[in-house]
Every structure is written in C-alpha cells, then in structure tokens.
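What follows is a short report on a single structure.
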Number of protein chains: 2
Amino acid sequence: MRPPRNLRSVAKRLLSFTRLVQGVNVSAVTSPLVWEHVQPAAARRLLTGAVDAFAERGYQATTTRDIASRAGMSPAALYVHYPSKERLLFEISLYGHNAALEVLRSADAGDTPADRLRSLVSAFTAWHAQHHTIARVVQYELAALSPEHLAEVATIRRAISLQIEQVLTDGMAAGDFAVTDLPGTTLAVLSLSIDVARWYTPHRGDPEALGKLYADLAHRMVQA
Amino acid sequence: MRPPRNLRSVAKRLLSFTRLVQGVNVSAVTSPLVWEHVQPAAARRLLTGAVDAFAERGYQATTTRDIASRAGMSPAALYVHYPSKERLLFEISLYGHNAALEVLRSADAGDTPADRLRSLVSAFTAWHAQHHTIARVVQYELAALSPEHLAEVATIRRAISLQIEQVLTDGMAAGDFAVTDLPGTTLAVLSLSIDVARWYTPHRGDPEALGKLYADLAHRMVQA
DNA sequence: GTCTATAGTCGGATAGAC
DNA sequence: GTCTATCCGACTATAGAC
C-alpha cells in the first residue's frame, strides 16, 4: 500500500514555507534584503532557496524539487519564474560577481597604496565571509554555467583581478611595495580572500575582524 | 531508425582507451606513477579516470559511465573493482589527504622556525600545484563523502592544520614571528596553498617556483 | 573480469486544469 | 501563477552469459 503522496508533499512544502517565514530554518540563511530587486516575491524566494541549496550541496547535487520546496512551491512553479535551473545559477553568479566588484570599487580609497590595499583586502574578505553562501556559488560553480554565461562573468572576474593588480603596481611605483612577481602576488592576494568562501561559517568570527586580519596579512606580504 | 548502439559504444571505448595508452588525452592528466600501489591495472585505470573526471567536472556531475569510459571499459566492469562511486571518491580522498600530510611531515625540517615554515609552505603549495587534480578532489569534494568516510579524512585534516600551527607557535616563542591571531593566521597560511588547487593549471608555471613564491609570502605574513 | 542488457529510481522540464 | 500529473531521458547498480 502506497503512502498518501499528495498529503505528504503538501505538508512538507507547508512546513518548509513556515520555517522560511519564521526565519528559523538554518539551511535558509541568505538574507532576503540582498535580493530586494528581484520581483515578484515568489521569484525572490526561489532565488534565495537556490543560493542556499547551491552553497550547501553544490549545483549538480541540488534538484529543482529542492529549490522549489525551500520556496514553498511545487517544482513546476519554478519554471514560471526561471526557464531553467542553469538560468537560476547564472542570475546568482552574475549578481554575485557584480556585487563583489562593486565592493572593491567602493573600497579603493586612501592616501597611500598601502591604505588602498588594506581597504580593498578588508572589504573583499569581509564580503566573502558575510555573503559566504553567494560567494561559494560565485567561486565554485563556474563550471556549471553555460559557455555564454561563463564568458559574461569572466569579464567581471578580470575586472576584479585588475583592481588588485593596479594597487600593487602603484605601490611598487611609489617604492612602498616590494613585489617581484606581480601576477603571482596579485593572484595570492585574491586567493586569500576567495578561499574564505570555502571554510567560513558564522561561528568562525566576525567578517569585519577577519577583514582587518587579512588586510594586515596582505599588507605584510607586499610591503617593502 | 536507431543507430547501431553496440558498435558506437565499442568504438568510443576503444578510442578512449587508445588515447589513454598514447598519453595524449588532455583530460587524462593524472600520472599513473602516483597510483602504482593500486592493483590490478584495471582498478588503477578506473581510479585515475575518476580523479580526472572528479577534478574536471565535480563528483556529482561525473557518471560511472564517464569513469568507465576513460578506463576503456563498460560501466558494469567498474563494480568488479569498486562497490560504488562513493567508494572510488573515498579511496582518492583518503590517499590524497595522507599524501598531503606526508609531504608536510617530510618538509618540516630546518634550523629555525622561519626555515621550517618556508619549507612547509613551499612543499604544500608545490604539491597542490603538481597534483592539482587530486588536490581538487581532496579540497572540494568533502561534501560528497559518506559521514563515516568524511570523519576519517577529517582526522587527517586536523593533523595537517596542526603541522602549520606548531611551527607558528614555535616561531612566536622564539620571538621570530609576530602573530596576533594564531588560529586565524594558521588558516590563512593553509588557505593560500589550498586555493592553488582551484586555479592552477600546468601552463600557469612551475610548481616549485610557485612554492618558493608562496613560502616567501607566508614568511613575510608572520615575521616579526 | 569483461561484456550486454536492464532493473529501478530520479531528475529536468512540460501539459493542462484551475 | 500555482497546482497535479507525467513524459522522457539519464543515472547507479545488478543479473547473467561468456
């Protein structure tokens, strides 16, 4: 005798939705405030559910049923808002890359290259900690994007890299930094912040404090 | 009218096997020398195929058909040598973790904490570059392991972390290092090397040279 | 130990009612 | 815009011949 599938799936979805609304579901940790521009609310719920699922289990291990369930919907409802699972990934990845670049551009301020570098590394690191679920999708799910979508985010990645490379170049020109391998050191500085997305969880400390620590470490790596 | 499936699949497998034997298949880059202890040869071909596939596409995106095909076999033959796809992942992950720890233990030598740290970071970084396919599986596929298998590799990961923490502690005690946040700095040093697995490809330079650069950067991060 | 064939399950995506 | 129901392909793993 088969279980009453309809009742079970409805109950599961209601439970999931309730937990979401009450905000106590530990797996649904993405702040909805970040995605306020995504309308309507159902599309936003799907997107935040996808971010959490992709970050937790990876893109390939995440099912559309899982995403829909986190948003309190049936699997079919997803396709009203997004044409495919990959498109959902792309929207997250594109937004995340742009957000990371914007964080860097806003942080590139200071009287000396050293001040600028500290500000950049601090902000970039804190962003990866604060938004570690989005960052995980940004940094570790590139291979799941379609070739066209990958090309689009790749241009943003180059801009991010250039932002760090420029301040190192300026610091070398001013004699403040001693860098023998510019591309290698650029990559190392970026790398330090990016890897935060791999291991960070909220119980591992305050994103701002981590940013300050990493700004210090990065500065020491390059100073003359 | 259906295509002749038998002939097609046999042809594909023969082609795959031929490329493997000739060693010109860019997707089959894992050196068989590393896995000489895996016997018989068929099991070793499956394992190296799995390493390459997992590193390239991720565990979840890799099919048993893909692995078998890289080894020049039918999907069913895989189960003669391994009871499941997850077991294949575990064998790779366990071996990789042990290899990484062994590299650190062998490298922990030198007259001063600074020499030891440089040696450790240099070797750990070079290993992640040299064996970037294995390293990618080790660092990015933990979530796909069964709880029991994950627990087993987690103990090795703690030993790896301790190896770095110890030399930092010794350097602080000797007054050679100025480290304010020991756990944070330990993680940062490890992080720098681990992230190499994410971006490294052979065209990005010599593993040994990268090791030297990173040893220098890590030393500068902590020196008094 | 390898094969062909397939069982049994699940996934992305669609159809059509409301 | 959401649902239920389902298609259809692909997946892991197994059965049984050789």
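Order of the sequence lines fixes the chain letters, A, B, ..., with proteins taken first and strands second; residue numbering starts at 1 for each chain.
Going from atom CZ of A/R65 over to atom C1' of D/dT2 covers 16 Å, rounded to whole Å. Put simply, CE on A/M73 is 16 Å from P on C/dG12, counting in whole angstrom units. Atom CG in B/D66 sits roughly 13 Å away from atom C1' in D/dC11 (whole-Å rounding). Atom CD of B/Q60 and atom P of C/dG12 are 12 Å apart (whole Å). C/dG11 atom P lies 9 Å from atom CZ of A/R57, rounded to whole Å. Taking atom CD1 on B/I67 and atom P on D/dA10, their separation rounds to 18 Å, with Å as the unit.
Nearest nucleotide to the A/S74 side chain, out of D/dC3, C/dC3, C/dT2: D/dC3. Checking D/dT14, C/dT2, C/dG12 against the side-chain heavy atoms of A/Y79 singles out C/dG12 as nearest. Across C/dT2, C/dA5, D/dG1, the shortest atom-to-atom separation from the side chain of B/A76 is found for C/dA5. When each of C/dT2, D/dT2, C/dG1 is scored by its nearest atom to the side-chain atoms of A/H81, the top-ranked nucleotide is D/dT2.
Both A/V80 and B/A61 sit near DNA chain D, but only A/V80 has its closest nucleotide nearer the 5' end.
Looking at A/R158 and A/Q163, their side chains never bring a donor and an acceptor atom within 3.5 Å of each other. In summary, the side chains of A/Q166 and A/R116 do not present any donor paired with an acceptor at a separation below 3.5 Å, with no hydrogens or angles considered. No side-chain donor from either of A/E152 and A/H97 sits under 3.5 Å from a side-chain acceptor of the other.
Nearest heavy atom pair, residue B/H132 against residue B/A129, reads ND1-O, 3.0 Å.
No donor-acceptor pair closer than 3.5 Å links the side chain of B/Y59 to the backbone N or O of B/A143.
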Practice task
Apply side-chain contact (heavy atoms from CB on, under 4.5 Å) to the pair A/E102 and A/S106, showing each step before the final yes or no.
Solution key: CA-CA 6 Å; A/E102 194 47 49; A/S106 301; 3.5 Å; yes
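One distance of note links CG of A/L213 with CG of A/L217; it measures 4.5 Å at 0.5 Å rounding.
Contacts between residues 82-90 of chain A and DNA chain C, defined by a heavy-atom separation under 4.0 Å, are made by A/S84, A/K85.
Residue A/T64 has a polar side-chain atom (N or O) positioned under 4.0 Å from OP1 or OP2 of C/dG12.
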